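The figures here come from the full heavy-atom set of this structure, side chains too, leaving out hydrogens, waters and symmetry mates. Note that the coordinates shown come from a computational prediction; the quantities given were computed from them, not determined experimentally. Residue numbers start from 1 in every chain, and the chains themselves are labelled A, B, ... in the order their sequence lines are given, proteins ahead of strands.
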Amino acid sequence: MKEYLEPQIKTACGRTFGAELNSRNIPIAFEKPKVAEHGDIATNIAMQLSKTFKKNPRQIATEIVAQLQFDSSIVEKVEIAGPGFINFHFTKNYFQNELKTILEIEKSFGKSFANKGKKAQVEFVSANPTGPLTVGHGRNAVFGDTVARLLEWSGYDVTREYYFNNAGRQMRVLGDSVRLRYLELIDEKIRFPQFSNNDASNFANALSVGEIPFPEDYYQGEYITDIAKSLHTQFGDSLRNENAEGKFKQQAESEIFEDIKKTCKRLGIAFDVFFNENTLYETGMVKEVIEEFKQRGVAYESEGALWLKKEILGSEKDKVIVKSTGEPTYRLPDIAYHREKIRRGFDLMIDILGSDHIATYPDVIAGLNALGENEGANKIKVLIHQFVTILQDGEVVKMSTRKANYITLDELMDEVGADVVRYFFLMRSIGSHLNFDLKLAKEQSDENPVYYLQYAHARIASIIRFAAESQEPRPKSQTVDFSMLKEEAEISLIKMLRTFPEIVENVATNFEPHLLCEYLHEVAGVFHKFYHDHRVVTDNKELTSARLDLCSGAKIVLGNGLAILGITAPEKM
RNA sequence: GAUCCCGUAGCUCAAUUGGAUAGAGCAUCAGCCUUCUAAGCUGAGGGUUGCGCGUUCGAUUCGCGCCGGGAUCACCA
């Protein structure tokens with residue numbers, strides 16, 4: 001549409017305003033009007049020009065329209081409306097032909113090759129292996145995977161990556177938590193009333209009566225006991241004097257990781273790369289970064305620590321990258337990691353982060369720039385999503401892996417299924433705080449919005465099955481006469497379907513899958529309306545064929561759209 | 001104190017990046033199955049877009065100032 005109209009309007013404007021216009025170089029913007037009466041596409045060019053030419057926009061519009069000439073088989077009428085919009089109405093014939101394209105391209109309808117040959121990387125989830133994935137991780141996981149799918153649909157070769165760290169205090173505590181549970185299994189007395197490490201009197205008291213205290217800030221989830229049990233099955237009592245960071249930590253890490261991968265798989269997510277932070281030390285990347293920072297004079301030592309200067313960070317104060325203990329802070333490996341990504345030659349790198357990390361990524365970008373990686377840093381796109389608030393019985397559940405106060409993604413999927421989970425996380429813009437009411441999600445599982453889409457798909461499949469059973473198959477040579485489709489419900493369905501590629505492109509450029517959800521919901525709605533108003537399979541062979549093809553078109557769009565969202569498109573419900 | 005996100009119908013959220021009459025779902029009410037899936041369709045009610053200025057032909061959208069909610073501001077990640 002735009003492709004057809006743009007040059008015509010340009011020449012018309014040229015004829016009206018001459019060279020003066022060309023010097024201004026005003027782009028012609030099109031938009032799809034909200035209301036059907038305002039046509040299929042509209043431009044506000046007359047309003048744009050009214051400033052420069054100091055003329056009434058409606059007057060300008062009239063002059064432009066007078067210069068326009070169109071193929072009457074494509075454009076039905078042109079109207080000037082409102083403050084100065086030029087509205088274009090296209091012919092039914094034009095839309096009928098559009099349906100053919102959809103049917104021909106089928107599975108790739110909506111795909112673009114704009115980024116063919118380019119490599120993209122999406123880093124998401126990236127939760128350290130200290131416990132099962134919770135509902136809180138769900139939004140990150142599902143959104144990240146969907147962004148990856150969108151990039152694939154726009155032509156990118158996509159790497160899905162999970163970054164993790166299996167060192168540090170967090171993991172030591174995890175190992176020791178397992179160790180204590182193990183000792184409990186082999187009959188050591190562990191005292192579990194909740195008290196903290198620094199509660200000295202309680203601690204001493206426990207030890208004095210021969211009990212080993214289980215600190216409050218240790219991991220309290222049941223899965224810790226499960227890991228201890230599996231160690232007990234393998235090794236019996238022989239680990240009594242084993243170090244927390246030995247077998248206990250290793251076993252915990254590997255079991256938890258397996259668990260995480262399984263959860264992701266259930267959600268339709270498969271990572272290509274699990275990147276261990278430790279690699280950055282092994283390959284010398286971290287050291288290299290430190291040296292270079294020093295060389296470039298942006299880092300200095302003080303109080304036994306290594307600091308990065310605020311000037312390059314653009315922050316209020318200098319920040320530590322290596323602690324006085326010799327351990328790096330998260331900034332350093334993060335910078336090294338992103339440099340590593342840049343070196344792998346991606347054209348686009350996306351980080352999916354929760355809002356709790358919002359303050360950290362500017363440091364990473366600044367660090368990269370300080371290393372002279374400006375070009376690479378420009379290819380990094382950070383997408384921040386707001387938190388999911390879990391509501392149970394109207395109360396906010398504060399999630400904490402350590403306190404075992406969480407609802408796992410698996411539990412959620414057990415309740416409502418992976419499709420509902422994915423849809424629920426995708427249907428809202430990532431900038432808004434998502435309220436996940438568990439009670440509601442369970443109760444409404446029967447009337448969840450995702451079923452509306454799936455039902456439309458299944459319904460179409462059913463119609464097509466019915467037609468195949470009750471009718472002679474149409475000979476391949478016989479072409480379908482799409483001019484049979486002229487009812488309002490039919491045309492508006494085609495209009496809806498044909499915009500799919502535009503929607504995908506828009507959603508993929510702006511990383512806003514929720515708009516695809518909305519669009520598909522609308523497609524389903526328009527289809528249901530069509531179904532309700534008109535019978536597909538009738539004695540009229542010609543009409544039946546045309547309507548069946550229209551159904552197929554709708555099925556393609558719904559199917560492809562659901563595929564991008566990672567949601568199944570059932571043939572039956 | 002500073003930075004970022006959010007504030008829209010009773011509830012959960014949209015709004016084509018500045019457009020025309022601000023829309024969906026849930027909930028409430030009233031209709032529609034002898035016919036291809038009623039997990040559907042049709043209709044009704046429900047709004048000072050948190051408040052106030054400003055920018056312009058035009059503001060839910062952009063700017064400034066308040067109010068309210070969330071997140072972050074470590075030698076934690």
Side-chain angles (χ1 to χ4, degrees), chain A residues 29-35 37-38 42 44 46-48 50-51 56-58 81-85 87 126-128 165 168-170 277 303-307 315-317 319-331 333-334 354-360 362 384-387 389 391 427-437 440 443-444 446-456 458-467 469-470 499 502-503 506 510 512 514-515 517-519 521-522 524-525 527-538 544 547-548 551 572-573:
Chain A
F30 291 100
E31 61 183 35
K32 194 187 162 200
K34 282 182 206 155
V35 201
E37 290 83 67
H38 294 151
N44 62 355
M47 281 121 89
Q48 297 290 336
S50 106
K51 263 170 244 165
N56 180 332
R58 286 194 69 113
F85 289 103
N87 296 336
S126 296
N128 287 337
N165 145 13
R169 197 194 101 85
Q170 227 187 348
E277 179 183 318
E303 302 162 43
L306 188 66
W307 299 72
S315 59
E316 283 173 17
K317 46 190 172 185
K319 285 175 181 171
V320 170
I321 51 173
V322 181
K323 299 186 235 174
S324 51
T325 60
E327 281 182 294
T329 64
Y330 69 90
R331 278 180 206 96
D334 271 8
S355 62
D356 53 337
H357 285 76
I358 199 144
T360 72
I384 307 277
H385 62 84
Q386 297 301 310
F387 275 8
T389 310
L391 295 171
M427 66 194 286
R428 304 300 183 208
S429 122
I430 56 164
S432 69
H433 307 264
L434 178 61
N435 270 359
F436 204 127
D437 191 323
L440 215 69
E443 274 176 9
Q444 290 187 351
D446 279 348
E447 39 195 79
N448 192 291
V450 71
Y451 292 121
Y452 187 72
L453 308 188
Q454 295 183 314
Y455 182 66
R459 195 179 225 183
I460 296 169
S462 166
I463 295 167
I464 294 172
R465 273 196 305 274
F466 176 84
E469 285 159 15
S470 60
T499 60
E502 258 174 68
I503 301 285
N506 180 38
N510 299 314
E512 293 179 318
H514 71 283
L515 294 178
C517 294
E518 295 235 328
Y519 165 79
H521 194 269
E522 233 178 304
F527 173 77
H528 284 310
K529 171 94 172 110
F530 156 75
Y531 172 87
H532 183 261
D533 289 357
H534 306 288
R535 211 186 142 78
V536 176
V537 182
T538 61
T544 300
R547 283 187 176 161
L548 275 172
C551 286
K572 258 184 203 171
M573 276 175 87

Touch check for [X], heavy atoms < 4.0 angstrom, all strands: base, sugar-phosphate only, or nothing?
{"X": "K529(A)", "answer": "sugar-phosphate"}
{"X": "N506(A)", "answer": "nothing"}
{"X": "P57(A)", "answer": "nothing"}
{"X": "I321(A)", "answer": "nothing"}
{"X": "Y452(A)", "answer": "sugar-phosphate"}
{"X": "E303(A)", "answer": "base"}
{"X": "A467(A)", "answer": "nothing"}
{"X": "H521(A)", "answer": "sugar-phosphate"}
{"X": "I384(A)", "answer": "nothing"}
{"X": "A42(A)", "answer": "base"}
{"X": "Y455(A)", "answer": "base"}
{"X": "T360(A)", "answer": "base"}
{"X": "K319(A)", "answer": "nothing"}
{"X": "H534(A)", "answer": "base"}

Value in whole Å for how far the P atom of rA20(B) lies from CZ of R58(A):
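After rounding, the reported distance stands at 16 Å.
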
Closest to the N165(A) side chain: rA77(B), rU37(B), rC13(B)?
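The listed nucleotide nearest to N165(A)'s side chain is rA77(B).
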
If you only use heavy atoms from C-beta on, which nucleotide in rA71(B), rU21(B), rU37(B) is closest to the side chain of E37(A)?
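Nearest listed nucleotide: rU21(B).
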
Pairing partner of rU60(B) (Watson-Crick or G-U wobble, both distances under 3.5 Å)
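Matched rU60(B) with nothing under the 3.5 Å cut-off.
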
Can you tell me if H38(A) is stacked onto the base of rA20(B), using a 5.5 Å centroid cut-off and an angle below 30°?
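H38(A) vs rA20(B): stacking yes.
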
Ring-on-base stacking rA20(B) with F85(A) (under 5.5 Å, under 30°)
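Aromatic stack with rA20(B) present for F85(A).
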
Under 6.0 Å from the ring centre and within 45 degrees of the ring axis: does the NZ or CZ of R459(A) meet both conditions for the six-membered ring of Y531(A)?
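So R459(A) does make the cation-pi contact.
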
What about N87(A), does its side chain sit under 3.5 Å from the base of rA20(B) through a donor-acceptor pair?
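A donor-acceptor contact between them is present.
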
If only atom types and distance count, is the side chain of R58(A) paired as donor or acceptor with the main-chain N or O of G82(A) below 3.5 Å?
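Judged by distance alone, yes, a pair lies under 3.5 Å.
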
May I ask you to verify if any side-chain N or O of S462(A) is less than 4.0 angstrom from the OP1 or OP2 atom of rU37(B)?
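Looking at the OP1 and OP2 atoms of rU37(B), one of them is under 4.0 Å from a side-chain N or O of S462(A).
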
Looking at every non-hydrogen atom in both residues, tell me the closest pair between I460(A) and C551(A) and how far apart they are.
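In this case the closest contact between I460(A) and C551(A) is CG2-O, 3.4 Å.
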
